[in-house]
2 protein chains.
Amino acid sequence: MRAEETAALRGLRLFEGIAEPTFTDLVAAGYLQFFPPGVTLIRASDPADFLHVVIEGVVELYAATAGRETTMELVRPVGAFILAAVLSDQVYLQSARTLTRARILMIPAERVRRWMAQDAAFMSAITVELARGYRQAIKALKNQKLRTAAERLANWLIIVAAEQGTPGAVEIDIEKRVLASRLGMTPENLSRAFATLAGHGAQTRGTHIDITDPAALRAFANPDPLIDGPE
Amino acid sequence: MRAEETAALRGLRLFEGIAEPTFTDLVAAGYLQFFPPGVTLIRASDPADFLHVVIEGVVELYAATAGRETTMELVRPVGAFILAAVLSDQVYLQSARTLTRARILMIPAERVRRWMAQDAAFMSAITVELARGYRQAIKALKNQKLRTAAERLANWLIIVAAEQGTPGAVEIDIEKRVLASRLGMTPENLSRAFATLAGHGAQTRGTHIDITDPAALRAFANPDPLIDGPE
DNA sequence: TCGACGGATTGATAAATGTCAATCCAATGA
DNA sequence: TCATTGGATTGACATTTATCAATCCGTCGA
């Protein structure tokens with residue numbers, strides 16, 4: 001792994017403040033692998049053998065039941081996923097696949113659990129990360145239960161515009177059908193939601209959205225820090 | 001607190017295996033209080049000052065935005081709630097109110113954080129509990145995104161029949177409008193969902209449901225351990 | 001015993017969302 | 001350059017869910 005990537009890894013909340021030997025060993029024990037797009041990394045109901053860290057590319061966490069499927073989360077660098085299953089030595093609740101070419105660091109679950117017991121700072125970092133993930137999931141549930149599809153899209157636009165550092169515009173870098181699934185709707189419905197937002201300050205043209213009237217968009221979206229806040 | 005209640009508290013996953021002095025001090029530091037029904041215990045966006053433990057009664061966790069409200073979870077004895085906010089010293093994402101007369105043990109957040117840093121077993125128990133809560137939230141999100149209202153009700157019936165130890169029947173001990181909100185629908189829609197299930201092996205009469213044809217109910221519900229499993 | 005109250009149910013209707021089918025369109029490779 | 005391909009969009013329609021109003025019904029207190 002390149003030095004700059006090791007440094008980026010160090011920046012993970014999960015590795016914040018942990019002892020150098022712990023970090024070094026965890027990384028050394030990990031397998032760093034390239035994957036092409038569309039590869040299934042883990043399958044729901046499999047035992048959690050590895051903690052996965054996305055070094056490069058985009059990974060989709062998804063879930064399915066009774067022939068239906070939905071996107072649960074998109075993980076980008078540098079982000080870890082499926083921590084909870086690894087910790088309690090349980091099966092995965094979600095499946096994961098690469099959306100793009102991706103580089104993934106896979107750390108054996110057993111090694112994570114061992115260091116957790118030995119390095120108090122690591123344990124503490126894990127607790128913080130778990131609490132964050134938990135709260136994120138609660139927010140996602142609120143988002144889904146309390147808002148319509150168009151409102152979810154509007155709030156997503158506001159969040160992503162901020163993340164991308166372009167208050168007046170959003171560039172979509174994933175397929176719209178994946179975005180639709182993440183936002184809990186069908187692709188057709190997403191198209192219509194975009195059309196609805198055209199009347200509320202957001203003009204869509206392909207993968208580019210111009211937020212021409214931020215105030216109108218916010219009025220429609222009703223952003224709520226207890227749902228949309230980054231934390 | 002009565003001895004049997006202290007014993008019940010000890011049975012909480014959160015206090016499993018922790019040192020006696022830790023447990024004793026946490027309980028001693030806590031305020032044990034009675035509340036009548038309908039009392040708001042905590043409000044979303046307030047700072048998390050206490051870890052709450054339900055000793056007796058039923059507590060509803062709920063969330064609201066833009067004039068809409070939804071029930072997130074029902075907490076029964078002996079159960080702790082809003083652990084994640086307490087740990088990271090953040091605001092609550094959910095509000096809580098008593099549904100019945102209730103007895104609540106409130107442990108100062110600061111005390112929880114202090115013992116967490118000093119008692120490795122406590123920290124470990126917290127991690128396990130957090131992971132459990134996280135996974136529970138993921139399951140709730142899958143339930144909401146992947147199922148229709150009637151399916152959610154059917155699966156809820158199957159779960160609760162097992163919990164109540166009566167495979168052929170379910171007794172509802174909360175208001176139906178609260179149940180409707182928990183399952184992500186309106187009270188009217190819940191009534192109709194019950195009517196639908198009458199054709200799939202579940203006969204409702206007031207607060208009592210007879211599961212006359214378990215196989216038919218399961219066929220309709222499509223229970224999935226990765227959503228409905230107790231874990 | 002009788003009202004009164006609040007939640008539950010039912011019916012009618014509207015809004016939101018999903019499904020199916022037919023293009024449209026942009027990226028890709030021959 | 002052009003044909004192919006897969007995702008995106010649009011229209012028509014079905015299903016699901018919510019809303020509004022009326023009524024039912026069990027509980028509780030006078």
Side-chain angles (χ1 to χ4, degrees), chain A residues 36-38 58 60 64-71 99-101 143-155 170-200 202-209 220-222, chain B residues 36-38 60 64-71 99-101 143-154 170-200 202-209 220-222:
Chain A
V58 184
E60 176 192 18
T65 201
R68 282 159 264 178
E69 184 181 308
T70 192
T71 303
L99 290 184
T100 63
R101 194 175 110 99
N143 193 38
Q144 186 69 30
K145 286 184 82 175
L146 290 168
R147 286 176 171 157
T148 66
E151 287 170 344
R152 293 196 293 277
L153 174 59
N155 280 292
V170 168
E171 196 63 38
I172 303 178
D173 68 347
I174 53 173
E175 288 182 5
K176 284 190 180 176
R177 65 202 184 91
V178 175
L179 174 60
S181 183
R182 229 239 53 192
L183 294 176
M185 65 186 95
T186 58
E188 295 94 327
N189 206 355
L190 177 64
S191 274
R192 288 171 184 128
F194 272 122
T196 299
L197 295 192
H200 297 279
Q203 314 300 323
T204 304
R205 193 165 190 82
T207 59
H208 183 85
I209 297 103
F220 179 84
N222 245 298
Chain B
E60 176 192 19
T65 200
R68 282 160 263 177
E69 185 181 307
T70 192
T71 302
L99 290 184
T100 64
R101 193 175 111 98
N143 194 37
Q144 186 70 30
K145 287 184 82 175
L146 290 168
R147 286 174 170 158
T148 65
E151 288 171 344
R152 293 195 295 273
L153 174 60
V170 167
E171 196 64 39
I172 303 178
D173 69 347
I174 53 174
E175 288 182 5
K176 285 191 179 176
R177 64 203 185 89
V178 175
L179 174 59
S181 183
R182 229 242 48 195
L183 294 176
M185 65 187 96
T186 57
E188 294 94 328
N189 206 357
L190 177 64
S191 274
R192 290 172 184 127
F194 272 122
T196 299
L197 294 192
H200 297 276
Q203 315 299 322
T204 304
R205 192 163 190 82
T207 60
H208 183 84
I209 296 103
F220 179 84
N222 246 297

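Note that the coordinates shown come from a computational prediction; the quantities given were computed from them, not determined experimentally. Protein chains get the first letters and strands the later ones, always in sequence-line order, with residue 1 at the start of each.
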Handout entry: Proximity to the side chain of B:Thr186 - top-ranked nucleotide from D:dG7, D:dT19, C:dG7
Key = D:dT19
Handout entry: Interatomic distance where CG belongs to A:Leu179 and P belongs to D:dG7 [whole Å]
Key = 15 Å
Practice task
Measure the distance from NZ on A:Lys145 to P on D:dA18 and round it to the nearest whole Å.
Solution key: 11 Å
Problem - Contacts of type side chain to side chain contact (heavy atoms under 4.5 Å, CB included), residue A:Thr207, not counting sequence neighbours - result: A:Glu171, A:Ile172
Problem - Under the ring-ring contact (aromatic ring centres under 6.0 Å, His included) test, residues paired with A:Phe194 that sit two or more places apart - result: none
Completion exercise
Atom CD1 of B:Ile209 and atom P of C:dA8 are separated, to the nearest Å, by 12 Å
Completion exercise
Taking every heavy atom of B:Leu183 against every heavy atom of B:Arg152, the minimum-distance pair comes out as O-NE, 2.6 Å
Handout entry: Results of side-chain hydrogen bond (donor to acceptor under 3.5 Å, both in side chains) for B:Thr196 - residues two or more places apart only
Key = none
Practice task
Give one of base, sugar-phosphate or nothing for A:Thr148, where a contact means two heavy atoms less than 4.0 Å apart.
Solution key: sugar-phosphate
Practice task
Taking all non-hydrogen atoms of both residues into account, name the closest pair between B:Ala154 and B:Phe220 and its distance.
Solution key: CB-CD2, 3.8 Å
Atom pairs and distances, donor-acceptor, side-chain atoms in residues 186-193 of chain A, under 3.5 Å, two or more places apart:
residue, atom, partner, partner atom, Å
A:Thr186, OG1, A:Asn189, N, 3.2

Handout entry: Nearest-angstrom distance from the residue atom CE of B:Met185 to C1' of D:dT15
Key = 16 Å
Problem - Selection: residues 189-197 of chain B, any non-hydrogen atom under 4.0 Å of DNA chain D - result: B:Asn189, B:Arg192
Problem - Pairwise salt bridge (charged side-chain N to carboxylate O under 4.0 Å, His left out) hits with a residue in residues 174-187 of chain B, at least two apart - result: B:Glu175-B:Arg177
Exercise for the section: State which residues pass salt bridge (Lys or Arg N to Asp or Glu O under 4.0 Å) with A:Glu151; sequence neighbours excluded, sorted by chain then number. Expected result: B:Arg68
Exercise for the section: List the atom of A:Asn222, the atom of A:Asn155, and the distance in Å for their closest heavy-atom pair. Expected result: C-OD1, 4.0 Å
Problem - Rounded distance (Å) that lies between atom P of C:dA8 and atom NE2 of B:His208 - result: 18 Å
Completion exercise
Parsed dot-bracket for DNA chain C after applying the Watson-Crick and G-U rules with both distances under 3.5 Å and | for other-strand partners is ||||||||||||||||||||||||||||||
Fill in the blank from the handout: Applying salt bridge (Lys or Arg N to Asp or Glu O under 4.0 Å) to B:Arg147 and not counting sequence neighbours gives B:Asp228
Problem - Residue list, side chain to side chain contact (heavy atoms under 4.5 Å, CB included) with A:Ser181, at least two apart or on another chain - result: A:Thr70, A:Thr71
Problem - Euclidean distance, atom CG of residue B:Leu183 to atom P of D:dA18 [Å, nearest integer] - result: 11 Å
Completion exercise
Scoring nucleotides 21-27 of chain C by protein non-hydrogen atoms under 4.0 Å (B base, S sugar-phosphate only, - none) yields -------
Completion exercise
Ranking D:dA18, C:dG18, D:dG7 by distance to the side chain of A:Arg177, first place goes to D:dG7
Fill in the blank from the handout: Atom CD of A:Glu151 and atom C1' of D:dT17 are separated, to the nearest Å, by 15 Å
Problem - Spacing of B:Leu153 atom CG relative to D:dT17 atom P, expressed in whole Å - result: 12 Å
